[in-house]
Amino acid sequence: MTSSARQLLDLISNSLTLLEKSCEARSVDIPDLNSPFHPSTEAFRADPTASEAANVISAAALQLAAIFVPPQVSVFRAIGGFMKSAAIHACLESNVTEILREGGPDGVHINDIGAKNGQDPQKIGGVVYLVQCTASLNRSDLGRFLRMLANNHIYREVRPDVFANTRISSMLDTLKASEEIIANPDQKHDNTFGFAALASHALDEAFKASAYAWENLADPATTKSGDPDASPFARAMGRKETMWQYFERPENAFKKKRFNIGMQGIRALEPPDASLYAFDWSGIPDYGIVVDVGGGVGTAMLPIARKFANLRFVIQDLPPVMEDAVEFWSQEMPEAMKSHQVVFEAQDFFKPQPKREVAVFFLKQILHDWSDEYCSKILKNLRNAANPTTRLVFMESIVSLSCHDPSADHGQGLPGEVPREAPRPLLANYGAVNEMVYNVDIGMFLLFNAQERTVRHMDELLRGAGWRITVIHRRESSDSTFLQSVEAVAAP
Ligand SMILES: C[S@@+](CC[C@H](N)C(=O)[O-])C[C@H]1O[C@@H](n2cnc3c(N)ncnc32)[C@H](O)[C@@H]1O
């Protein structure tokens, strides 16, 4: 019988052949690990066959490593994740990626990096341990951090103590001049595409919260709490407050700005018309009302309102957000405001909805902000305002099982419940290749005491609030944080 290792190797070999053929036919290159990231370096994925082949190769390579790397090394790679986080944090905040970009492919010596960013090469690793022990350190301490990251292909050691970027480290690049961001650290992330801001936020707020995750789970006062101010982040900061309250304090103005820039960056990656495909909007009768619950400024309704002039839209959010919504629509689609095709309503989703005939309650990225206890309150308020024809539509990242989902067998399960599964013997969800949504899930716990959910979990949550899921609309993407949509009806 063929061993798992041989099956994995065959998957890699066959997939690479497919990938090479696809790239050759389209005259695109497989990316060079040592060249910086650019949207064009991802062109090889544009063909769905190539994208799938790249996923299979990556998942199989990781699974092969899990077989052959000594288990004590593998488990410490995971246990020591915080050390890599500390190393990336130090390099990110001391602008190493920008300095290496300016040095080009020949690399920059650690002493020259230190000379540029003002950091002592002996301390620039930035962790407390180093700062406390500087007296006995030699000049290659920066190299220790960069080298650890280079072992993981994040940076590369070109010659002894000389480092350069790889396509992975270049993701941390603000694309600004190092001199400029060193001189104006508070503006480092302004007008950037947001990835470095997101990384900086994760390595600050979420990283600190992660150190308190177990204490929060173990403390009887918080073990079962779903309160947003009882998160590991709140414990790490020593105050019973939400991250939003923390951001409102004047000393955290930079962190608030950084978070918002990071979030804008994530939103920019979503297709702007994703909500158009979340539901069959053409099936709603004329003048049917769509309520965007916690809709922010109503961005998700814009492409639908443009296409379906026969529908009416109510954008709901907290009062200050509604002011921004009015401004947003007066710029984007003033005619919809004048004709009352779109109206704005300050509405707390924890309070009862106004009584009216609603065709669709729409929620985009709301449920993942809250624990089950809180989601249940939101969903029950909507259920109480629903009639038998009302649809509930929500857009969220859906967490897949890592094993084969038996719901798909024998025609059982909800339509769209099971995503495309990876070929055996790979993990059904492609394992760590699809790790982003699992990262976000743990991040939601650390920062908000909230979570991303599997379909099974959503189903249970909705049933408890008087709803029944009817279908999951899936759009394939190589990014597991991509939003899918779930449709439900009021349960009798
Ligand atoms: C992650 S954002 C999603 C916004 C929008 N649905 C979108 O996808 O662009 C969450 C939204 O929930 C709103 N929100 C938070 N608490 C709320 C409450 N109690 N009632 C109504 N909206 C609330 C926030 O103001 C924010 O606009």
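Both ligands and their constituent atoms are indexed starting at 1 by order of listing. Because the structure is predicted, anything quoted here is derived from the model rather than measured.
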Item checked: Option of least heavy-atom distance to atom 20 (N) of ligand 1 (set: Phe349, Phe394, Trp370, Trp244) -> Phe349
To which protein heavy atom is [atom] closest, and what is the distance rounded to 0.1 Å?
| atom | value |
| --- | --- |
| atom 9 (O) of ligand 1 | Lys364 NZ, 3.7 Å |
| atom 26 (C) of ligand 1 | Asp317 OD2, 3.6 Å |
| atom 4 (C) of ligand 1 | Gly294 O, 3.4 Å |
| atom 12 (O) of ligand 1 | Ile366 CD1, 3.6 Å |
| atom 19 (N) of ligand 1 | Asp348 OD1, 3.0 Å |
| atom 1 (C) of ligand 1 | Gln365 O, 3.3 Å |

Note to self: Can you confirm whether Leu149 sits close enough to Cys91 that some side-chain heavy atom of one is under 4.5 Å from a side-chain heavy atom of the other?
What the structure shows: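 Leu149 vs Cys91: side chains touch.
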Next item on the list: State, with a plain yes or no, whether a side-chain heavy atom of Val360 is found less than 4.5 Å away from one of Val291.
Entry: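 Val360 does not reach Val291 side chain to side chain.
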Report the part of [X] in contact with ligand 1, treating N, CA, C, O as backbone and CB onward as side chain, heavy atoms under 4.0 Å; options are side chain, backbone, both, neither.
| X | answer |
| --- | --- |
| Gln347 | backbone |
| Asp292 | neither |
| Asp369 | side chain |

Looking at [X] versus [Y], is the centre-to-centre ring distance below 6.0 Å?
| X | Y | value |
| --- | --- | --- |
| Phe350 | Tyr374 | yes |
| Phe259 | Phe247 | yes |
| Phe313 | Trp329 | no |
| Tyr246 | Phe233 | yes |

Check: Looking at ligand 1, does any of its N/O atoms fall within less than 3.5 Å of an N/O of Arg267?
Finding: no
Note to self: I want to know if ligand 1 touches Phe350 in the polar sense, i.e. an N/O pair below 3.5 angstrom.
What the structure shows: no
Check: More than 12 heavy atoms of other residues, nucleotides or ligands under 6.0 Å from OH of Tyr287: is that the case?
Finding: no
Notebook entry, point to check: Should the heavy atoms of other residues, nucleotides or ligands under 6.0 Å from CD of Gln187 be counted, would the total exceed 12?
Noted result: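 More than 12 heavy atoms, drawn from other residues, nucleotides or ligands, come within 6.0 Å of this atom.
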Checklist line | Contact check, Gly295 vs ligand 1, heavy-atom distance below 4.0 Å | finding: yes
Check: For ligand 1, which atoms sit closer than 4.0 Å to a heavy atom of Gly296?
Finding: 4 (C), 5 (C), 27 (O)
Check: Quick one: which ligand 1 atoms are inside 4.0 Å of a heavy atom on Val321?
Finding: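 That gives atoms 25 (O) of ligand 1.
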Checklist line | Side-chain donor/acceptor of Thr223 to backbone N/O of Leu217, under 3.5 Å | finding: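 Yes, because the side chain of Thr223 sits within donor-acceptor range (under 3.5 Å) of the backbone of Leu217.
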Note to self: Under the criterion side chain to side chain contact (heavy atoms under 4.5 Å, CB included), I'd like the reasoning laid out for Val56 against Tyr430: C-alpha separation, chi angles, the key distance, then a yes or no.
What the structure shows: CA-CA 7 Å; Val56 170; Tyr430 298 78; 4.1 Å; yes
